[in-house]
Amino acid sequence: MIAGIGHNSGRVDEPGHSWRKHVWTKARKNLMPTLPIEAVRLRVRRAAQLGLPYKTYAGIRASTGHDLIGFLFSNNALQIMRDGQPMPVARADKLGDLIAAQRVGLAHIPVTPTHLASFPEIDRAYAAPRFAGTWADMRDHLQTVIKSGKQPADRFVLVGDTGFERDWSEAVKLAGYLSADAFFTGQVG
C-alpha cells in the first residue's frame with residue numbers, strides 16, 4: 001500500500017526529527033496547566049468524595065471544564081433486577097459514602113422508579129430510556145431527567161452495565177461513562 005500525499009508512512013527518520021520531537025514535547029508540556037499545590041489537594045479531596053481515583057476525576061474534569069455534581073445509575077449497575085429486590089450491601093455502602101453528589105436512579109422495566117427511589121442512597125429515580133426508542137427519543141428522555149435537577153448534563157457521569165447504557169452518555173453529552181464493575185470495585189483508571 002502506498003501512502004498518500006502528506007503521510008509519513010510511519011517513518012520519522014528524516015533530518016531534523018530529534019529537533020521537531022524536542023519542540024513538540026516542550027509545546028505539549030506548556031499546554032498542560034500547572035496547578036498550585038492547594039488546588040491539587042482540593043481536587044484530590046473532591047475525587048475521594050466522589051469515590052473516584054484522582055486520575056479518573058482529573059480526566060473527566062479536564063474534558064468538561066467542570067466539577068462533577070452527580071451520577072446516574074442504571075438499575076443494572078445497582079444489581080437490582082426486579083421490584084422488591086434489595087440493593088447489594090457493598091453497592092449501597094459505596095453510594096452512601098458519596099459526598100456532595102446527586103445519586104439518580106434509572107429503572108429499566110420490570111424495575112420501577114418508585115422501587116429505586118425507595119432506597120435512601122438514591123436521591124431521585126426515573127424510568128430509563130426504552131430499548132426500542134430512537135436515538136432522539138433516548139436523548140430527549142435523558143435531557144428531561146437531567147433538567148428536572150436543573151443542572152447541565154456534562155456535570156454527571158453515567159454508571160452502567162451494558163453497551164446500550166453507554167450510548168446514553170453520548171446521546172445526552174454527559175461528562176462520561178463508567179462501567180459498574182469499575183466504579184464499584186474502584187478499578188477505574
Visitor: Start with the C-alpha distance between H141 and W168, add both sets of side-chain angles, then the distance that settles side-chain contact (heavy atoms from CB on, under 4.5 Å), and finish with yes or no.
Guide: CA-CA 10 Å; H141 178 79; W168 298 350; over 6 Å; no
Visitor: Judged by atom type as modelled, is there a donor-acceptor pair below 3.5 Å linking the side chain of S169 to the main-chain atoms of E165?
Guide: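 Flag not set: sc S169 to bb E165 has no pair under 3.5 Å.
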Visitor: So, the side chain of D97 versus the backbone of G51: is there a donor-acceptor pair under 3.5 Å, distance only?
Guide: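 No, the answer is negative, given that no donor and acceptor are paired below the 3.5 Å cut-off.
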Visitor: T114 versus D83: any side-chain heavy-atom pair under 4.5 Å?
Guide: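 Heavy-atom side-chain distance check fails, nothing below 4.5 Å.
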Visitor: For the pair R155 (side chain) and D67 (backbone), establish whether a donor and an acceptor sit closer than 3.5 Å, ignoring hydrogens and angles.
Guide: yes
Visitor: F164 vs H108 aromatic rings, parallel, tilted or perpendicular, using cut-offs 30° and 60°?
Guide: tilted
Visitor: Under the side chain to side chain contact (heavy atoms under 4.5 Å, CB included) test against F73, which residue among L106, L158, V159, V104 passes?
Guide: V159
Visitor: Name the orientation class of the two ring planes belonging to H115 and F119 (parallel below 30°, tilted from 30 to 60°, perpendicular beyond 60°).
Guide: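 Answer is perpendicular, since the angle exceeds 60°.
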Visitor: For R43 and V40, run side-chain contact (heavy atoms from CB on, under 4.5 Å): C-alpha distance rounded to whole Å, both residues' side-chain angles, the deciding distance at 0.1 Å, then the answer.
Guide: CA-CA 5 Å; R43 290 183 181 187; V40 173; 5.8 Å; no
Visitor: Provide the full list of salt bridge (Lys or Arg N to Asp or Glu O under 4.0 Å) pairs with a residue in residues 101-114, sequence neighbours left out, each pair given once.
Guide: R103-D123
Visitor: Less than 4.5 Å apart, side chain to side chain, heavy atoms only: is that true for H66 and D154?
Guide: yes
Visitor: Measure the shortest side-chain to side-chain distance between L52 and F183 over non-hydrogen atoms and say whether it is less than 4.5 angstrom.
Guide: yes
Visitor: Using the rule given for side-chain contact (heavy atoms from CB on, under 4.5 Å), can you reason through M81 versus N76, listing the C-alpha separation, both sets of side-chain angles and the distance that settles it, and then say yes or no?
Guide: CA-CA 7 Å; M81 302 306 163; N76 293 325; 3.6 Å; yes
Visitor: side-chain contact (heavy atoms from CB on, under 4.5 Å) between T56 and L178: does it pass, once the steps are laid out?
Guide: CA-CA 10 Å; T56 301; L178 294 172; 4.2 Å; yes
Visitor: Side chains of Q102 and Q151: does their closest heavy-atom pair fall under 4.5 Å?
Guide: yes
Visitor: Can you name the side chain to side chain contact (heavy atoms under 4.5 Å, CB included) partners of A175, sequence neighbours left out?
Guide: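 Partners of A175 under the side chain to side chain contact (heavy atoms under 4.5 Å, CB included) test: I60, T64, L68, V157.
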Visitor: Would the distance check show the side chain of Y177 and the main-chain N or O of G160 forming a donor-acceptor pair, the cut-off being under 3.5 Å?
Guide: yes
Visitor: Report yes if some heavy atom in the side chain of F71 is under 4.5 Å from a heavy atom in the side chain of L50; otherwise report no.
Guide: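 A side-chain contact exists here, since the closest heavy-atom pair is under 4.5 Å.
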Visitor: Would you indicate whether the side-chain heavy atoms of I122 and L78 approach each other to under 4.5 Å?
Guide: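 Side-chain contact under 4.5 Å: yes.
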Visitor: Hey, does the side chain of R91 reach the backbone of A77 with a donor-acceptor pair shorter than 3.5 angstrom?
Guide: yes
Visitor: Applying side chain to side chain contact (heavy atoms under 4.5 Å, CB included), name anything that partners A90, two or more places apart in sequence or on another chain.
Guide: none
